[in-house]
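A quick note: this is a predicted structure, and the numbers were derived from the prediction, not measured.
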Amino acid sequence: MIGLNSFSVYSGLEDPVTKYAKPPFKGQKQGWPGLAGKMDPVPDHGELSYKGSDRLLGRKALITGGDSGIGRAAAIAYAREGADVAINYLPAEESDAKEVIDLIKAEGRLAIAIPGDLREEAFCKLLVDEAVKGLGGLDILVNNAGRQQAKASILDISTEDFDATMKTNIYAPFWITKAALPHLKPGSVIIATTSVQATDPSEDLFDYAQTKAANTSYVRSLAKQLGPKGIRVNGVAPGPIWTALQVSGGATIEKLKNFGGDTPLGRPGQPAELGSIYVQLAAADASYSTGQIYGAAGGSGQP
Ligand code: NAD
Ligand code: MG
């Protein structure tokens, strides 16, 4: 695991430039969807560092893609802030998911594991039902799961690839949100993980970038629709973050070797650096923030 530098222990200051690993990274490739536990270096999701202060005490959260990466960082942070947490992931990710479930339980919170494929509408409905049943309600929905497969040319993207990316990144949040809405009382929040790709798409992420633009519009439209009902809707737009998505087809091996190297901080973000953002957007004291996209991109890109 990547640790904090010792400087921080003495001064309370942490230099964001030297805080985490920088490129060059080892070229690596895993089969999709990839496991955080097999990455080198293993990402930091806040396992040893996130400290809660009851900001989400008694809240009930469902996080898709909660097994690894950004979703895992949110799950750990939520549990340490006092929330009960349900996570969804693919059956192939059971080993990553089990670590998260154990971490949530270690906080004395309810931890509900609901594996299944979000490309199926019937499963999305079942997911919400199971989460509501297991948690005894729902007031934080984090649509975070995502599929990203880099392809040099549009000619390399099959209809099946295109469809899988659209189903995972656009249809699943639509289906899940429809199923969740009847359970969301005033004060509840919806958070989407979008991307800097929404506004500055890379040439080799033609299909993915379109879905992230859709995720940003999902936030901005739904916030207007649900504002009068007292439900806030916000998004997080990360830049390059060191996660399994990137080593399982999301980025080429060449790109991975210098991953995050072209940002002003000169390194990729770690999922742990985003956990507090998901907490802030869910917390009741952020009550006037809705329809916003919060960036975390090391100084590059726009939310
Ligand atoms: P990750 O691989 O750790 O998490 C993505 C998760 O999506 C997987 O763990 C998996 O459980 C889930 N998923 C994918 N397809 C699924 C399916 N069909 N059914 C159920 N679950 C499925 O990677 P991450 O980078 O933490 O990704 C989380 C979100 O962050 C995604 O929406 C991604 O687009 C977004 N994002 C990532 C980056 C980055 O650089 N890593 C940058 C911007 C946005
Ligand atoms: Mg995963």
* Under the 3.5 angstrom rule, does the side chain of Glu81 hit a backbone N or O of Leu57 as a donor-acceptor pair? -> no
* Asked: Between Leu127 and Tyr89, is there a shared hydrophobic cluster once you connect ILVMFWY residues whose side-chain heavy atoms come closer than 4.5 Å?
  -> no
* Taking Arg72 as the fixed residue, which of Asp96, Asp102, Asp67 is the one that meets the salt bridge (charged side-chain N to carboxylate O under 4.0 Å, His left out) rule? -> Asp96
* Asked: Just by distance, with hydrogens left out, do Asp84 and Tyr78 show a side-chain donor and acceptor under 3.5 Å apart?
  -> no
* Could you state the interatomic distance from CZ (Arg147) to CE (Met166), rounded to the nearest 0.5 Å? -> 10.5 Å
* Calculate, to the nearest 0.5 Å, the distance between atoms OH and OG belonging to Tyr208 and Ser202 respectively. => 9.5 Å
* Partner of Leu103 under side-chain contact (heavy atoms from CB on, under 4.5 Å), chosen from Arg109, His45, Glu47 -> Glu47
* Asked: So, do Pro268 and Pro23 sit near enough that their side-chain heavy atoms are less than 4.5 Å apart?
  -> yes
* Kindly indicate whether the side chain of Ile241, heavy atoms from C-beta on, has any atom under 4.5 Å from the side chain of Ile70. => yes
* Asked: Just by modelled atom types, is the Leu256 backbone N or O under 3.5 Å from a matching donor or acceptor in the Gln246 side chain?
  -> no
* Asked: Side chains of Ser188 and Asp139: do they bring a donor and an acceptor to under 3.5 Å?
  -> no
* Asked: Would you say the side-chain atoms of Ser153 and Asp156 include a donor-acceptor pair closer than 3.5 Å?
  -> no
* **Sidechain-backbone polar pair: Gln197 side chain, Ala209 backbone, donor-acceptor under 3.5 Å** => no
* Structure fact -> Minimal heavy-atom distance between Pro303 and Thr199, with the atoms involved, is O-CG2, 3.9 Å
* Do Ile176 and Leu222 belong to the same hydrophobic cluster, where Ile, Leu, Val, Met, Phe, Trp and Tyr are linked whenever their side-chain heavy atoms lie under 4.5 Å apart, directly or via other members? -> yes
* **Pair Gln292, Arg220: side-chain N/O donor-acceptor within cut-off below 3.5 Å** => no
* Asked: Among side-chain atoms of Tyr278 and Thr193, is any donor-acceptor pair under 3.5 angstrom?
  -> yes
* Asked: Does a donor on one side chain and an acceptor on the other come within less than 3.5 Å for Tyr20 and Glu273?
  -> no
* Asked: Is it the case that Arg267 places NZ or CZ above or below the six-membered ring of Trp242, under 6.0 angstrom from the centre and within 45 degrees of the axis?
  -> no
* Asked: Hey, quick one: are Leu141 and Ile104 part of the same hydrophobic cluster, counting side-chain heavy atoms closer than 4.5 Å, chains of contacts allowed?
  -> no
* **Asn169 side chain to Lys212 backbone, donor-acceptor under 3.5 Å** => no
* **pair Thr194-Ile293: side-chain heavy atoms closer than 4.5 Å** => yes
* Can you find a side-chain donor-acceptor pair between Arg119 and Thr168 that sits under 3.5 Å? -> no
* To do: Return yes if some donor-acceptor pair links the side-chain N/O of Gln225 with the main-chain N/O of Ser221 below 3.5 Å, else return no.
  => no
* Between Glu107 and Lys105, is there a donor-acceptor pair closer than 3.5 Å when you use the side chain of the first and the backbone of the second? -> no
* To do: Measure the shortest side-chain to side-chain distance between Tyr218 and Asn143 over non-hydrogen atoms and say whether it is less than 4.5 angstrom.
  => yes
* To do: Side-chain contact test, heavy atoms from C-beta onward, threshold under 4.5 Å: evaluate it for Val85 versus Ile112 and give yes or no.
  => no
* Salt-bridge contact Asp204-Lys151 (side-chain N to carboxylate O under 4.0 Å) -> no
* Classify the side-chain pair Thr165/Thr211 by whether it contains a donor and acceptor separated by less than 3.5 Å. => no
* Structure fact -> One should read off an interatomic distance between Glu160 CD and Lys167 NZ, to the nearest 0.5 angstrom, of 10.5 Å
* Asked: With a 4.5 Å heavy-atom cut-off, do Asp262 and Ser300 have their side chains touching?
  -> no
* To do: For Thr177 and Pro173, indicate whether the former's side chain and the latter's backbone hold a donor-acceptor pair under 3.5 Å.
  => yes
* Structure fact -> Rounding to 0.5 Å, atoms OG1 (Thr159) and CG (Asp161) come to a distance of 9.0 Å
* Do Asp207 and Leu205 come within less than 4.5 Å of each other through their side chains, counting heavy atoms only? -> no
* Might you point out which heavy atoms bring Ala272 and Ala73 nearest each other, and give the distance in Å? => N-CB, 4.1 Å
* Just by distance, with hydrogens left out, do Tyr294 and Ser289 show a side-chain donor and acceptor under 3.5 Å apart? -> no
* In terms of hydrophobic clustering (I, L, V, M, F, W, Y; side-chain heavy atoms under 4.5 Å; direct or indirect links), are Ile87 and Val236 co-clustered? -> yes
* Asked: Can you tell me how far the CG atom of Leu138 sits from the CZ atom of Arg59, to the nearest 0.5 Å?
  -> 10.0 Å
* To do: Search all heavy atoms of Pro264 against all heavy atoms of Gly298 and return the closest pair with its distance.
  => CD-O, 3.2 Å
* Asked: When you look at NZ of Lys125, are more than 12 heavy atoms from neighbouring residues, nucleotides or ligands closer to it than 6.0 Å?
  -> no
* Which atom names give the shortest non-hydrogen contact between Pro43 and Pro271, and what distance separates them? -> CB-CD, 4.1 Å
* **Inter-residue atom distance Leu281.CG - Ile191.CD1, 0.5 Å rounding** => 5.0 Å
* **Atom CD1 of Ile154 with >12 non-hydrogen neighbours under 6.0 angstrom** => no
* **Atom CD of Glu120: over 12 foreign heavy atoms under 6.0 Å** => no
* Verify the neighbour count for atom NZ of Lys178: are there more than 12 heavy atoms of other residues, nucleotides or ligands below 6.0 Å? => no
* Do any N or O atoms from the side chain of Ser217 and from the backbone of Ala214 form a donor-acceptor pair under 3.5 angstrom? -> no
* Asked: Is the ring centre of Phe123 less than 6.0 Å from the ring centre of Trp175?
  -> no
* When hydrophobic residues are tied together by side-chain contacts of less than 4.5 Å, even through go-betweens, does Ile114 share a cluster with Ile190? -> yes
* Asked: Is the shortest heavy-atom distance from the side chain of Asp44 to the side chain of Ser49 under 4.5 Å?
  -> yes
* Side chain of Ser248, backbone of Pro33: donor and acceptor closer than 3.5 Å? -> yes
* Donor-acceptor under 3.5 Å (Thr64 side chain, Ala145 main chain) -> yes
